[in-house]
Chemist: 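Got a structure for you, questions after.
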Amino acid sequence: LVIPSLSERYKIQDQSIKDHLNEIEGISSQNLGLENYFEDVRREVLRTEELNWERKQELDSVLRTQESQIEKISELSGKLLDDIDELNEEGRFGEEIAQKVKELRKLVEDVIAPDLREALADITKEKEGAEAEDLAESLKRFIEQHNKFQKQLDRTIQLLKQVQAEQQLNSLVRRSLELADNQKQINAEIGRKQFGINDQKKQGSMRHEIESITETLEQLADRIKPISRQTSSRLKKEYNKLEDNSLGDQMLDMVKQMRLKSSRVEKIGKGLEEELGEFASSMESIRGEFIAQQKKSLTSDLRILIQNLL
């Protein structure tokens, strides 16, 4: 039995979040312009007073699809928020994410509102044998509820993306701080002339970690751009610094020098400690700036969405 590492579990969970978001967005995009279809049916009902068999079958199929999509969105949203919860980390920033997830979970429940389901049920019931005016009125009510639902869903998707981006940024900050701290510990061992094979292994694993961080940093810079161009620009700048400074190569060189018991080890280690410390400080600054930007936006958007649901 192979147990995946923490970083592997994070990647799997993170990919699951992306997949759920993409699927919800796909469903949302399928419904663009759907109100035009229902408006055409409504006008046809008022004009002819009764839908022909083919039109009824078509309407029945569209209604079933809508009902299925509403259930699917509710299911996917729940899974997505569960994934974000599972990825959440301890500490103040993790607690802030947890609170936002709690608010979003309530919001998602409210977005899939009873009014939309009731409007769907009314059309399903009244398309057989009801007065034309009653069916037309039900169609009108559904169009209104669907437009409201679509707007709220689209904004909820954006809020989910914001929370996901903040969580990914938190993870990068934690990893950068851990790297800086590990380098400091290794350098302390070197200063005491007590470093050995375990320190070499630790320095080697740090090389793989900085390469992974560099890759994740580039991906997040692209992903966060629609949310905050400023944050994206700063992340890209840090990515370019990591690339230019070739910290992975420096760490590999340090491992070699440690094996040789070279006098260069201390100098390389101090340089890495300084660069990793600067990187961690920059990442903390970027996170603080991003959270400050998004706090106003997220709080305002949640308030507006909740008011619209009342």
Chemist: If we ignore angles and hydrogens, is there a donor and acceptor under 3.5 Å between the side chains of Glu178 and Asn182?
Modeler: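 Checked: Glu178/Asn182 side chains show no N/O donor-acceptor pair below 3.5 Å.
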Chemist: Between Glu71 and Arg117, is any pair of side-chain heavy atoms under 4.5 Å apart?
Modeler: yes
Chemist: Using a 3.5 Å distance criterion without hydrogens, assess whether the side chain of Ser282 forms a donor-acceptor pair with backbone atoms of Glu278.
Modeler: yes
Chemist: List in chain and number order the residues that pass ring-ring contact (aromatic ring centres under 6.0 Å, His included) with Phe290, two or more places apart in sequence or in another chain; answer none if no residue qualifies.
Modeler: none
Chemist: The test is side chain to side chain donor-acceptor pair (under 3.5 Å); show your working for Asp181 and Gln185 and say whether it passes.
Modeler: CA-CA 6 Å; Asp181 187 57; Gln185 290 176 22; 2.9 Å; yes
Chemist: With no hydrogens and no angle check, do the side chains of Glu54 and Gln57 hold a donor and an acceptor under 3.5 Å apart?
Modeler: no
Chemist: So with a 6.0 Å cut-off around CD of Glu67, is the heavy-atom count from everything else above 12?
Modeler: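 Not more than 12 within 6.0 Å, no.
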Chemist: Restricting to ring-ring contact (aromatic ring centres under 6.0 Å, His included), what partner residues turn up for His20, sequence neighbours left out?
Modeler: none
Chemist: Any salt bridge between Lys161 and Glu25, counting N to O under 4.0 Å?
Modeler: yes
Chemist: If we ignore hydrogens and angles and just use 3.5 Å, is the side chain of Asn52 paired with the main-chain N or O of Arg55 as donor and acceptor?
Modeler: yes
Chemist: Can you run down the ring pair (Phe, Tyr, Trp, His ring centres under 6.0 Å) pairs that involve residues 226-277, sequence neighbours left out, and say none if there aren't any?
Modeler: none
Chemist: Any donor-acceptor pair under 3.5 Å linking the side chain of Thr214 with the backbone of Ile210?
Modeler: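 Answer holds: yes.
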Chemist: Would you call Glu144-Lys148 a salt bridge at under 4.0 Å N-O?
Modeler: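 Judged by the 4.0 Å cut-off on N to carboxylate O distance, Glu144 and Lys148 do not form a salt bridge.
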Chemist: Tell me if a side-chain donor or acceptor on Thr65 pairs with a main-chain N or O of Ser61 at a distance below 3.5 Å.
Modeler: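 Yes: the side chain of Thr65 pairs with the backbone of Ser61.
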Chemist: Looking at Arg229, I'd like to know if its CZ atom is crowded, meaning that more than 12 non-hydrogen atoms belonging to other residues, nucleotides or ligands lie closer than 6.0 Å.
Modeler: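 No, CZ of Arg229 has 12 or fewer neighbouring heavy atoms, counting only those of other groups under 6.0 Å.
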Chemist: Flag yes if more than 12 heavy atoms outside Glu50 fall under 6.0 Å of its CD atom; otherwise flag no.
Modeler: no
Chemist: Without swapping roles, check the side chain of Asn22 against the backbone of Lys18 for a donor-acceptor pair under 3.5 Å.
Modeler: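 Looks like yes, one N/O pair under 3.5 Å.
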Chemist: Taking everything shown except Lys225 itself, do over 12 heavy atoms lie less than 6.0 Å from its NZ?
Modeler: no
